[in-house]
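One structure below.
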Amino acid sequence: MTKPKDTVVAELTADLQRTRADFENFRKQADLQKQQYGALVKISTVSKLLPLLDDIERAISVHPDILEPITKNLDKTLGELQLSKIPSEPDTPFNPDLHEAVAVEGDGDTETISETLRPGYSYAGETLRPAMVKVQKSN
């Protein structure tokens, strides 16, 4: 027994609509995966630069007068890359989300940073590497 032509057309139309919806969902998923992969590659690349940035920072601290032009250029480039140093100057409040305490001195409730051992960096607002710090507890 054959189906009426209208029923066959309706079934084929429904199949076509489902196939289009499946394809659209697949395309959206592929685009999302491509974006996630791109972000992962950027984070991986920037992470590999951190030891070099540490070396540059040490060189600048030894010869700040000679390397001042590099400092300005470095800060500009880091800003363009959405890479920023995590604040960890002395007397900055300790934040375990941004800082990694390797030593704690004193007693009290208030925790502030006494020394930065290694700078931390955030990339596009996310902590990439926490700052390694010494913490001073006081009242």
Side-chain angles (χ1 to χ4, degrees):
M1 186 179 344
T2 61
K3 295 181 182 180
K5 187 176 180 182
D6 290 342
T7 305
V8 172
V9 170
E11 287 177 1
L12 290 174
T13 301
D15 286 346
L16 179 61
Q17 289 173 338
R18 277 191 297 277
T19 302
R20 280 185 174 174
D22 288 344
F23 179 74
E24 187 63 26
N25 289 336
F26 170 77
R27 189 187 62 74
K28 287 178 183 178
Q29 185 66 29
D31 288 345
L32 178 63
Q33 288 175 348
K34 190 182 345 177
Q35 289 174 349
Q36 290 172 338
Y37 181 73
L40 185 63
V41 167
K42 286 179 185 178
I43 289 171
S44 175
T45 302
V46 170
S47 293
K48 290 178 182 176
L49 291 174
L50 296 183
L52 178 62
L53 287 174
D54 292 340
D55 291 342
I56 292 171
E57 289 284 331
R58 281 191 287 276
I60 290 171
S61 68
V62 173
H63 301 289
D65 50 333
I66 298 171
L67 299 174
E68 184 179 346
I70 292 175
T71 303
K72 292 177 184 177
N73 195 8
L74 179 64
D75 291 341
K76 178 183 173 192
T77 302
L78 293 178
E80 291 171 358
L81 292 173
Q82 298 180 334
L83 186 65
S84 59
K85 282 178 84 169
I86 293 174
S88 62
E89 294 78 25
D91 297 327
T92 301
F94 174 73
N95 180 346
D97 295 330
L98 303 175
H99 309 111
E100 178 183 345
V102 295
V104 179
E105 301 166 338
D107 291 322
D109 297 331
T110 305
E111 298 176 328
T112 58
I113 295 170
S114 61
E115 183 181 353
T116 301
L117 303 174
R118 183 186 71 193
Y121 291 92
S122 63
Y123 175 70
E126 296 291 324
T127 301
L128 188 59
R129 179 181 80 182
M132 188 182 298
V133 297
K134 287 184 181 179
V135 174
Q136 177 68 43
K137 286 187 167 189
S138 61
N139 290 328

Can you name the residues that form a salt bridge (charged side-chain N to carboxylate O under 4.0 Å, His left out) with [X], not counting sequence neighbours?
X      : result
Glu89  : none
Glu100 : none
Arg18  : Asp15
Asp107 : none

Next item on the list: Give the minimum heavy-atom separation between Ile86 and Arg129, together with the two atoms involved.
Entry: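 Answer, listing the atom of Ile86 first, then Arg129: CD1-O, 3.6 Å.
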
Next item on the list: Could you pull out all residues at least two apart from Leu53 that satisfy side chain to side chain contact (heavy atoms under 4.5 Å, CB included)?
Entry: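 With sequence neighbours excluded, Leu53 shows a side chain to side chain contact (heavy atoms under 4.5 Å, CB included) to Leu50, Leu74, Leu78, Leu83, Tyr121, given in chain and number order.
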
Notebook entry, point to check: Can you name the side chain to side chain contact (heavy atoms under 4.5 Å, CB included) partners of Glu80, sequence neighbours left out?
Noted result: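 Listed in chain order: Lys76.
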
By side chain to side chain donor-acceptor pair (under 3.5 Å) - contacts of [X] (at least two apart):
X      : value
Asp6   : none
Asp75  : none
Ser122 : Ser84

Check: So how far is it from Asp97 CG to Thr127 OG1, rounded to the nearest 0.5 Å?
Finding: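 Reported value, rounded in 0.5 Å steps: 7.0 Å.
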
Next item on the list: With rounding to the nearest 0.5 Å, note down the distance linking CD in Glu111 to CD in Gln136.
Entry: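 The CD atom of Gln136 is 10.5 Å from CD of Glu111, to the nearest 0.5 Å.
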
Say whether [X] and [Y] are linked into one hydrophobic cluster, either directly or through other cluster members, by side-chain heavy-atom distances under 4.5 angstrom.
X     : Y      : result
Val46 : Leu52  : yes
Ile66 : Ile70  : yes
Leu98 : Tyr123 : no

Notebook entry, point to check: With distance as the sole test, does Ser114 use its side chain to make a donor-acceptor pair with the main-chain N or O of Lys134 at under 3.5 Å?
Noted result: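 A pair under 3.5 Å: yes.
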
Item checked: Thr92 (side chain) donor-acceptor with Ser88 (main chain) under 3.5 angstrom ->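 No; judged by distance alone, with no hydrogens or angles, the pair does not exist.
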
Note to self: If you count every heavy atom of other residues, nucleotides or ligands that lies below 6.0 Å from Gln33 atom CD, does the total exceed 12?
What the structure shows: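 Count over threshold, so yes.
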
Check: So with a 6.0 Å cut-off around CZ of Arg27, is the heavy-atom count from everything else above 12?
Finding: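 Atom CZ in Arg27 is packed in, count exceeds 12.
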
Check: Quick one: does Lys28's side chain get under 4.5 Å of Glu24's, heavy atoms only?
Finding: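 SC-SC contact between Lys28 and Glu24 confirmed.
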
Exercise answer: donor-acceptor pairs, residues 35-45 side-chain atoms, under 3.5 Å, sequence neighbours excluded:
residue : atom : partner : partner atom : Å
Thr45   : OG1  : Val41   : O            : 2.9

Next item on the list: Could you identify which residues cluster with Phe94, counting Ile, Leu, Val, Met, Phe, Trp and Tyr as linked when any side-chain heavy atoms lie under 4.5 Å apart, either directly or through a chain of such contacts?
Entry: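 Same cluster as Phe94: Val104, Ile113, Val133, Val135.
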
Next item on the list: Report the C-alpha distance between Leu12 and Val8 in whole Å, list the side-chain angles of each, state the deciding distance to 0.1 Å, and finish with yes or no for side-chain contact (heavy atoms from CB on, under 4.5 Å).
Entry: CA-CA 6 Å; Leu12 290 174; Val8 172; 3.9 Å; yes

Check: Can you pull the side chain to side chain donor-acceptor pair (under 3.5 Å) pairs that have at least one residue in residues 57-72, sequence neighbours excluded?
Finding: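 Qualifying pairs, neighbours excluded: Asp55-Arg58, Glu57-Lys85.
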
